[in-house]
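For reference, the structure is listed below as C-alpha cells.
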Amino acid sequence: MRWSSGFGIVACWLALTIAPALAQESKLEVGNGERLLVLAPHPDDESLSSAGLIQRVFAKGGSVRAVVVTSGDAYVDAVKMDTGKSRLSPADYLAFGEKRLDESRRAAQILGGGFLHLDLMGFSDGAIYAALVSHWRRNSPFRSRFTGFDHVPYRDSLDWGNAQDGKDLVGELVAIMKETKPTIISFPDVMEDDSDHAGLGMFALLAVHEWRAQTQNERINPKMLAYLVHWPHWPKGSDWGIAQDWSNEPMHLPDNLPARGHRRICLDLTQAEIARKHDAIAQYLTQQRIMADFLASFVRSSECFTQLAPTNANRIEAVIEHWQQARKAFNSHPLDRRKI
C-alpha cells in the first residue's frame, strides 16, 4: 500500500529496544472524571484487557466509550463448535458474528449498567491488518473469504454498509476521539501476537496523531495504555486446557515483551471489580466453549499496560519498517491470528 507523505504517527518507541528486558511496574492512578476510550479488535477484548479499568473510571465519576472494530466472525474452530457443522457457509459465519456482537452488548451492560457507550463497527474478522497493509482505500476494500462481504454486513452495527478500508477506519477513529476527547485510551500493543490486534494498535497510533494534527488549538495529552491479550504461553494458565481460578494472583506483562523504553503500569482491582470482570467475560459463551482456560487467565487481581506518550511523531513509512524489523528480530514466525 502507499502511505500519504502527510501521515505521521505517535510511534518512535516501536523498536527502541528489541532485546527482552525485565521492567518494573508502576501503579496506575485513575483520576476523577476521566474519559476512557477502549479500542478492541474483537468482541471480548475490551473485557479481557480493561474491564477493571472501565469499572474504576465509572467509580471515579468518569465516562467510558468502547469501540469494537470487528465481529470476530472468522474463528473457524469456534464456528464449527457452535454450529456442529464440519462444512461452513457464509451464513454460518454471519450468524456467529451476530452472536459475538450480542455478547459484547451483554458484557457492556454488566460493566456499565447502561452507561457504557458501546460502538460495534462490525468489520469482518481479519479486516484490520489487511486494511492497514493492503486495503487502504475505499475503491479497494478488504473482502472476507469467510462471509464474502467487502463491506460491513451487520445491520445493527455502527458501520453497516460501509467499505472495509484503512483510510475510512482511521477517519472514524479520529472522529470518535474528537467527539469523546478521551483522557485515557486503552488499545492493543503493536507487538501483539495476533495480526488484527497488532494492526489496531497501529491504527490507534495513526488516529491519535491525526487527532492531534487536526486539533492544534487544544492541548491533547491522553494517557496512552497499550494492552496485551495474545502472547506465546501467556498469561500463565491460558493454554492449560482447563479453566483455573487466578483471581487472587496479579497480572504481570511477560518478561520477554520488549520494553522499548516505556513504563509498565498496573491497576490493582478490588474484589468487586474482579467479580464483575468475571461476570462480563462469562457472557462470551461462544468463546467460553472453546477457550475457557484462556479467558479465565485474564481474571486476576490487576490489569497491566505499557504506558506511552502521545508525542514524537514519525512518518508512517519509517514506523512500519521499524515495526517489521522489531517483529522479525523478536519473532521468527509471521504475524498470525492464533486466537481471536
Side-chain angles (χ1 to χ4, degrees), residues 20-32 34 36-40 44-62 64 66 107-108 110-112 116 182-189 191-194 197 201 222-240 243-260 262-284 287 291-308 339:
L22 296 177
Q24 292 186 337
E25 296 170 347
S26 302
K27 185 176 180 180
L28 173 59
E29 300 288 349
V30 176
N32 294 325
E34 301 272 18
L36 170 64
L37 175 63
V38 181
L39 303 180
D44 76 14
D45 290 321
E46 77 293 337
S47 297
L48 293 174
S49 68
S50 308
L53 177 59
I54 288 170
Q55 295 176 72
R56 186 66 56 84
V57 168
F58 277 130
K60 302 278 281 186
V64 180
I110 287 174
L111 293 175
L116 194 160
T183 59
I184 304 174
I185 303 176
S186 173
F187 64 101
D189 196 313
M191 294 301 291
E192 282 258 19
D193 193 34
D194 175 285
H197 281 246
K223 189 174 292 183
M224 302 281 290
L225 303 180
Y227 63 76
L228 197 67
V229 170
H230 296 290
W231 193 259
H233 312 297
W234 177 90
K236 180 181 178 181
S238 62
D239 54 2
W240 284 16
Q244 303 288 322
D245 181 2
W246 302 99
S247 59
N248 291 322
E249 293 194 17
M251 176 70 78
H252 297 288
L253 292 175
D255 291 338
N256 62 349
L257 174 68
R260 296 155 286 169
H262 297 281
R263 281 206 308 163
R264 294 185 176 188
I265 191 164
C266 298
L267 178 69
D268 293 330
L269 305 184
T270 67
Q271 289 298 315
E273 289 168 342
I274 296 169
R276 187 164 291 181
K277 178 169 185 172
H278 172 274
D279 291 346
I281 292 174
Q283 303 309 305
Y284 292 97
Q287 309 305 289
M291 54 178 188
D293 56 343
F294 182 79
L295 300 183
S297 69
F298 284 85
V299 183
R300 294 180 183 260
S301 61
S302 61
E303 291 176 344
C304 293
F305 308 85
T306 297
Q307 184 173 3
L308 287 62
K339 291 183 177 178

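Worth saying up front: this structure is predicted, and the values here are computed from it rather than measured. No hydrogens, no waters, no symmetry mates; every other heavy atom, side chains included, goes into these values.
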side-chain contact (heavy atoms from CB on, under 4.5 Å) between F305 and C266, intermediate numbers included:
CA-CA 6 Å; F305 308 85; C266 298; over 6 Å; no
Begin from the C-alpha positions of N256 and W231 and carry the test side-chain contact (heavy atoms from CB on, under 4.5 Å) through to its verdict.
CA-CA 10 Å; N256 62 349; W231 193 259; 2.8 Å; yes
side-chain contact (heavy atoms from CB on, under 4.5 Å) evaluation trace for V38 with S186:
CA-CA 5 Å; V38 181; S186 173; 4.2 Å; yes
Full working for side-chain contact (heavy atoms from CB on, under 4.5 Å) between D45 and Y227:
CA-CA 10 Å; D45 290 321; Y227 63 76; 4.1 Å; yes
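For the pair D268 and S302, the minimum side-chain heavy-atom distance is below 4.5 Å. The shortest side-chain heavy-atom distance between W234 and M251 falls under the 4.5 Å cut-off. V299 places a side-chain heavy atom less than 4.5 Å from the side chain of I274. Looking only at side-chain heavy atoms (C-beta outward), I281 and D44 stay at 4.5 Å or farther from each other. Within the 4.5 Å cutoff, the side chain of L53 has heavy atoms near those of the L28 side chain. The shortest side-chain heavy-atom distance between R300 and K236 falls under the 4.5 Å cut-off. Two residues are said to be in side-chain contact when any heavy atoms from C-beta on lie closer than 4.5 Å; M191 and L257 meet this criterion. A 4.5 Å side-chain heavy-atom check between K223 and Q307 finds at least one atom pair inside the cut-off.
Considering all non-hydrogen atoms of both residues, P188 and H197 come closest at CB-O, 3.2 Å. Between A296 and A243 the shortest heavy-atom distance is CB-CB, 3.9 Å. The two atoms that bring L116 and A108 nearest to each other are CB-O, 4.1 Å, heavy atoms only. Here the shortest heavy-atom pairing between E34 and V30 reads CG-CG1, 3.9 Å.
Taking CG of L308 as the start and CD1 of I185 as the end, the distance is 10.5 Å to the nearest 0.5 Å. Distance check: Q55 CD to L269 CG gives 7.5 Å after rounding to the nearest 0.5 Å. To the nearest 0.5 Å, the span separating OG1 on T183 from CG on L37 amounts to 10.0 Å. Rounded to the nearest 0.5 Å, atoms CD (Q283) and NE2 (H278) are 10.0 Å apart. Between the CG atom in L295 and the OG atom in S47 there is a gap of 10.0 Å [rounded to 0.5 Å]. Interatomic distance, Q244 CD to S238 OG, rounded to the nearest 0.5 Å: 12.0 Å.
Annotation: H230 is in aromatic contact with F294 [ring centroid separation under 6.0 Å].
Taking 4.0 Å as the cut-off between side-chain N and carboxylate O, R263 and E25 do not count as a salt-bridged pair.
Judged by distance alone, the side chain of K277 and the main-chain N or O of F298 form a donor-acceptor pair under 3.5 Å. Checking side-chain atoms of Q287 against main-chain N and O of Y284 turns up no donor-acceptor pair under 3.5 Å. Under a 3.5 Å cut-off, the side chain of D189 and the backbone N or O of E192 do not form any donor-acceptor pair.
The stretch residues 46-59 participates, sequence neighbours left out, in these salt bridge (charged side-chain N to carboxylate O under 4.0 Å, His left out) pairs: R56-E273.
Applying the side chain to side chain donor-acceptor pair (under 3.5 Å) criterion to S49, with sequence neighbours excluded, gives no partner residue.
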